[in-house]
Amino acid sequence: MKGPAVAMTGKGPIKVLIVDDSAVVRQTLSAALSKAPDIQVVATAMDPYVARTKIEQCRPDVITLDLEMPRMDGLTFLSKLMRYYPLPVIVVSSLTAGGSENALRAMELGAVDVICKPGSAYTVAEVADALVDKVRAAAGAKLRQPAPPVEVSPSAEESLVPETPPSKVMQTTSKILAIGASTGGTEAIREVLTRLPQDTPGTVIVQHMPEHFTAAYARRLNGLCRMEVREAVDGDAVSRGLALLAPGNKHMVLQRSGGQYLVRVKDGPAVHHQRPSVDVLLHSVARQAGGNALGVILTGMGADGAAGLLAMRQAGAYTLAQDEASCVVFGMPKEAIRLGAAEQVVPLGKMAAAIMSQFHRLVAA
């Protein structure tokens, strides 16, 4: 197949192709998307071979893709698709350990987002609402070239760490780095964290992902970064050299206990249709850490995190947003910039250096 480098939507509805070997799932997703006036399900396919024909016939704008299918698995199909006919792909994955690992691999191959199939953790209605939002975001997403997993080695360390001596960072034990992201964020967060030194100030992260997927994502990051990365557990201390990722389907907030920071993981209503919510985390960082924190908004759809980043800035924290050119979806950073929440707008490739530069400035002040 030959096609455009990046899928473009016209003035008509967003055309979606659903690829799944389950007739029930195909019907469920079709019904959910058909309720949105700006989305049209143009075809469904039970496996990648049928999908290839449907792509040529229907020219979809977005594909939803199951990863466990007969004849050809979804990862193989995705790899071929991104090489020969790149389109925005949303992975629809089972809520299992294997499904989570495969979904993360799909993101590395170029998928723009992931959603879990309806089941015990997420109802059909919850999945339906999320899917509509994700399709809209994917339709406007910028596709990127798939990148191989980053491997940090001693020889690479010098090129990844900013020029300021690491000894300066050692003094920032009471500082907090807070990061929020959504669509495209798994790869964006990976790029930032793999470029940060081992003694980076305590880091708290919200990435919009389903339950269980966050644990697999944290394990993957932990194998790539010099910092320790893990899924947060209620009561975890936030310390230098540690990054805590909010669990899927739970909110995470920062709390100060004496001279130490810790995180609380809790239930609660979705905020901006999200749980975990970036706003929930950043508002707590503003209250608890004030000027001892640094906030970052990366690529993502919607407005989650913009108000929280503004609260951080108003509390004295330094705030950054990813620039439009390097975003997969410029929704969350755009809204933060519009509100005046971001003091600095930075390309993704320079975000880690900008973060450490500001922490060094705080130490020197």
I'd like to check [X] versus [Y] (side-chain heavy atoms, cut-off strictly below 4.5 Å). Are they in contact?
X      : Y      : result
Lys117 : Val127 : no
Leu104 : Met209 : yes
Gln40  : Ile14  : no
Val16  : Leu29  : no
Val114 : Thr186 : no

Check: [X] side chain, [Y] main-chain N or O, donor-acceptor pair, under 3.5 Å:
X      : Y      : value
Lys266 : Val253 : no
Arg240 : Asp199 : no
Asp61  : Lys15  : yes
Thr200 : Pro197 : yes
Arg190 : Val192 : no
Ser357 : Ala353 : no
Gln322 : Ser326 : yes
Thr299 : Thr183 : yes
Arg226 : Leu196 : yes
Ser284 : Leu281 : yes

(request) Considering only Ile, Leu, Val, Met, Phe, Trp and Tyr, and joining two whenever side-chain heavy atoms are under 4.5 Å apart, list the other residues clustered with Phe330. (result)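 Result for Phe330 is Ile337, Val345.
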(request) Could you work out the complete set of other residues in the hydrophobic cluster of Val50, with links drawn between I, L, V, M, F, W and Y side chains under 4.5 Å apart? (result)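 Besides Val50, the cluster holds Met46.
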Nearest 0.5 Å, please: how far is [atom2] in [Y] from [atom1] in [X]?
X      : Y      : atom1 : atom2 : result
Met312 : Leu282 : CE    : CG    : 6.0 Å
Ser239 : Leu262 : OG    : CG    : 11.0 Å
Leu320 : Arg313 : CG    : CZ    : 10.5 Å
Lys134 : Ile90  : NZ    : CD1   : 7.5 Å
Ile205 : Tyr217 : CD1   : OH    : 7.0 Å
Gln255 : Asp234 : CD    : CG    : 9.0 Å

(message) I'd like to know whether Asp236 forms a side-chain contact (heavy atoms from CB on, under 4.5 Å) with Leu242, so could you lay out the CA-CA distance, the side-chain angles of the two residues, the decisive distance to 0.1 Å, and finally the verdict.
(response) CA-CA 10 Å; Asp236 271 344; Leu242 173 65; 5.8 Å; no
(request) Using a cut-off of 6.0 Å, state whether more than 12 heavy atoms not belonging to Gln344 lie near its atom CD. (result)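 It does: Gln344 CD has more than 12 such atoms within range.
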(message) Is it true that, when you exclude Gln288 itself, more than 12 heavy atoms of the residues, nucleotides or ligands shown sit nearer than 6.0 Å to its CD?
(response)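 Yes, the 6.0 Å shell around CD holds more than 12 heavy atoms from other groups.
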For [X] and [Y], work out which heavy atoms get closest and say how close.
X      : Y      : result
Ala286 : Ala315 : O-CB, 3.6 Å
Val91  : Ala111 : CG2-CB, 3.8 Å
Met107 : Val112 : CE-O, 3.9 Å
Met252 : Ala232 : SD-CB, 3.5 Å
Met82  : Leu109 : CG-O, 3.5 Å
Leu65  : Met69  : CD1-CE, 3.6 Å

Regarding [X] and [Y], do their side chains bring together a donor and an acceptor under 3.5 Å, going by distance alone?
X      : Y      : result
Thr214 : Glu231 : yes
Asp279 : His272 : yes
Asp304 : His208 : yes

(message) Show, in sequence, the C-alpha distance, side-chain angles and deciding distance for Glu108 and Arg220, and conclude whether the side-chain contact (heavy atoms from CB on, under 4.5 Å) test is met.
(response) CA-CA 11 Å; Glu108 291 177 350; Arg220 179 160 295 202; 3.0 Å; yes
(request) Please report the C-alpha distance between Ser30 and Ile18 in whole Å, then the side-chain angles of each, then the deciding distance to 0.1 Å, and finally whether the side-chain contact (heavy atoms from CB on, under 4.5 Å) criterion is met. (result) CA-CA 8 Å; Ser30 294; Ile18 296 171; 3.3 Å; yes
(request) Could you walk me through whether Thr64 and Asp20 pass the side-chain contact (heavy atoms from CB on, under 4.5 Å) test, one step at a time? (result) CA-CA 8 Å; Thr64 72; Asp20 199 295; over 6 Å; no
